[in-house]
K.L.:
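What follows is a single structure, and I will ask about it in a moment.
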Amino acid sequence: VQLQASGGGSVQAGGSLRLACVASPGSSIGAMGWFRQVPGKEREFVAAVRWSSGEAYYAGSVQGRFIASKDNVERIVYLQMNSLKPEDTAVYYCALAYSLHWGPYFLRQSKSAGMDYWGKGTQVTVSS
């Protein structure tokens with residue numbers, strides 16, 4: 001399974017960006033999610049969408065500003081990022097969990113949140 005993310009770029013604080021990630025065929029989808037990483041720090045969870053229900057889960061730092069959603073036909077997950085802050089600057093990675101039993105408890109189990117496949121990152125830079 002290959003994951004291809006797009007939509008990164010540079011924006012001023014307060015602006016918006018929308019990321020998209022397309023998953024190639026080859027596995028079931030329990031969830032797709034977004035993570036981010038800055039140099040010298042661990043990768044952190046941002047948001048995930050449970051595929052069966054479309055329900056989204058967020059890190060506290062982005063709750064209320066970011067919206068994760070899925071395409072109901074294609075294997076695409078989106079991340080609408082609003083009210084961006086300089087601290088949102090990072091490389092953003094999309095990921096896929098193939099287990100159809102994926103649920104929010106995976107967010108507490110490990111830092112990878114039960115994800116099995118990872119895409120290459122896309123840079124998001126927010127200037128003040």
Side-chain angles (χ1 to χ4, degrees):
V1 175
Q2 293 187 338
L3 304 176
Q4 182 65 53
S6 61
S10 297
V11 65
Q12 289 191 326
S16 298
L17 283 173
R18 189 191 196 204
L19 305 182
C21 178
V22 181
S24 66
S27 79
S28 55
I29 302 178
M32 289 185 71
W34 294 95
F35 294 71
R36 66 188 181 187
Q37 188 171 22
V38 297
K41 292 189 176 181
E42 290 188 335
R43 183 175 57 198
E44 65 174 5
F45 168 77
V46 175
V49 178
R50 190 174 190 176
W51 220 247
S52 60
S53 65
E55 189 168 2
Y57 306 90
Y58 301 95
S61 59
V62 306
Q63 182 82 44
R65 300 188 296 122
F66 290 12
I67 302 171
S69 61
K70 71 181 187 76
D71 187 287
N72 287 323
V73 176
E74 304 295 335
R75 295 162 59 95
I76 304 173
V77 66
Y78 301 100
L79 185 66
Q80 177 67 42
M81 304 185 293
N82 301 319
S83 302
L84 282 161
K85 304 175 181 180
E87 51 263 44
D88 294 318
T89 295
V91 176
Y92 283 70
Y93 298 89
C94 69
L96 181 152
Y98 60 72
S99 172
L100 299 181
H101 298 292
W102 190 93
Y105 41 83
F106 279 94
L107 302 178
R108 299 186 292 272
Q109 280 193 338
S110 72
K111 292 182 179 179
S112 65
M115 299 294 165
D116 303 293
Y117 299 102
W118 298 84
K120 295 181 179 179
T122 184
Q123 177 71 45
V124 171
T125 302
V126 184
S127 58
S128 57

K.L.:
Atom CZ in Phe45, atom OH in Tyr58: separation rounded to 0.5 Å?
P.N.:
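If I round to the nearest 0.5 Å, the distance is 9.0 Å.
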K.L.:
Show, in sequence, the C-alpha distance, side-chain angles and deciding distance for Asp88 and Arg36, and conclude whether the side chain to side chain contact (heavy atoms under 4.5 Å, CB included) test is met.
P.N.:
CA-CA 9 Å; Asp88 294 318; Arg36 66 188 181 187; 2.9 Å; yes
K.L.:
For the side chain of Ser28 and the backbone of Tyr98, is there at least one donor-acceptor N/O pair under 3.5 Å apart?
P.N.:
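It does hold such a pair.
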K.L.:
What are the two closest non-hydrogen atoms of Gly26 and Val1, and how far apart are they?
P.N.:
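Reported closest heavy-atom pair: C-CG2, 3.9 Å.
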K.L.:
Do Val49 and Met115 share a hydrophobic cluster (ILVMFWY, side-chain heavy atoms under 4.5 Å, transitive)?
P.N.:
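No.
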K.L.:
Roughly how far apart are Leu84 CG and Gln12 CD, rounded to 0.5 Å?
P.N.:
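If we round to the nearest 0.5 Å, Leu84:CG and Gln12:CD are 11.5 Å apart.
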K.L.:
What distance do Arg18 atom CZ and Ser6 atom OG have between them, rounded to the nearest 0.5 Å?
P.N.:
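So the gap between those two atoms works out to 9.5 Å.
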K.L.:
Can you see which heavy atom on Val124 is nearest to which on Gly8, and at what distance?
P.N.:
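Closest pair (atom of Val124, atom of Gly8, distance): CG2-CA, 4.2 Å.
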K.L.:
Can Phe106 be reached from Ile29 by stepping across I, L, V, M, F, W or Y side chains whose heavy atoms are under 4.5 Å apart?
P.N.:
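In one cluster with Ile29: Phe106, no.
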K.L.:
Looking only at heavy atoms, which two atoms of Ala20 and Ile76 are closest? And how far apart?
P.N.:
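Looking at all heavy atoms of both residues, the closest pair is CB-CG2, 4.5 Å.
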K.L.:
For residues Tyr93 and Leu3: do they belong to one hydrophobic cluster (side chain heavy atoms under 4.5 Å, members Ile, Leu, Val, Met, Phe, Trp, Tyr)?
P.N.:
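In one cluster with Tyr93: Leu3, no.
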K.L.:
Of the non-hydrogen atoms in Gly7 and Leu17, which two are nearest, and what is the gap between them?
P.N.:
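Looking at all heavy atoms of both residues, the closest pair is O-CD2, 4.0 Å.
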K.L.:
Do Leu79 and Val11 share a hydrophobic cluster, counting only Ile, Leu, Val, Met, Phe, Trp and Tyr and linking them when any side-chain heavy atoms are less than 4.5 Å apart?
P.N.:
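In one cluster: yes.
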K.L.:
Are more than 12 heavy atoms, taken from residues, nucleotides or ligands other than Gln4, located less than 6.0 Å from that residue's CD atom?
P.N.:
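Counting other residues, nucleotides and ligands, CD of Gln4 stays at 12 neighbours or fewer.
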K.L.:
Would Thr89 and Gln123 satisfy side chain to side chain contact (heavy atoms under 4.5 Å, CB included), going step by step from the backbone distance to the final call?
P.N.:
CA-CA 8 Å; Thr89 295; Gln123 177 71 45; 4.0 Å; yes
K.L.:
Are more than 12 heavy atoms, taken from residues, nucleotides or ligands other than Gln2, located less than 6.0 Å from that residue's CD atom?
P.N.:
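Atom CD in Gln2 is not crowded, with 12 or fewer foreign heavy atoms closer than 6.0 Å.
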K.L.:
Kindly give the heavy-atom pair with the smallest separation between Gly114 and Ala97, and that separation in Å.
P.N.:
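Looking at all heavy atoms of both residues, the closest pair is O-CB, 3.4 Å.
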K.L.:
Using every non-hydrogen atom in the two residues, find where Arg65 and Ser83 come nearest and quote the distance to one decimal.
P.N.:
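Of all heavy-atom pairs spanning Arg65 and Ser83, the closest is NH1-O, 2.9 Å.
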K.L.:
Are Tyr78 and Val46 linked, directly or through intermediate hydrophobic residues, by side-chain heavy-atom contacts shorter than 4.5 Å (ILVMFWY only)?
P.N.:
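Different clusters: Val46 never reaches Tyr78 through Ile, Leu, Val, Met, Phe, Trp or Tyr contacts under 4.5 Å.
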K.L.:
Set out, in order, the CA-CA distance, both residues' side-chain angles and the distance that settles side chain to side chain contact (heavy atoms under 4.5 Å, CB included) for Met81 and Leu19, then state yes or no.
P.N.:
CA-CA 8 Å; Met81 304 185 293; Leu19 305 182; 3.7 Å; yes
K.L.:
In this structure, which one of Tyr117, Trp102, Trp51 forms a side-chain contact (heavy atoms from CB on, under 4.5 Å) with Leu96?
P.N.:
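Looking at Tyr117, Trp102, Trp51, the match for Leu96 under the side-chain contact (heavy atoms from CB on, under 4.5 Å) is Tyr117.
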K.L.:
Classify the angle between the aromatic ring planes of Phe66 and Tyr92 as parallel (below 30°), tilted (30 to 60°) or perpendicular (above 60°).
P.N.:
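Ring orientation, 0 to 90° scale: tilted.
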K.L.:
Examine distances only and state if a side-chain atom of Arg75 and a backbone atom of Ser24 form a donor-acceptor pair shorter than 3.5 Å.
P.N.:
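Yes.
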K.L.:
To the closest 0.5 Å, what do you measure between OH (Tyr105) and CZ (Arg108)?
P.N.:
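It comes to 9.5 Å.
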K.L.:
Quick one: pull up NZ in Lys120 and SG in Cys94 and give me the separation to the nearest 0.5 Å.
P.N.:
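Output value for this atom pair is 12.0 Å.
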K.L.:
As an exercise, state the distance from CD of Glu42 to NZ of Lys111, rounded to the nearest 0.5 Å.
P.N.:
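The CD atom of Glu42 sits 3.0 Å away from the NZ atom of Lys111.
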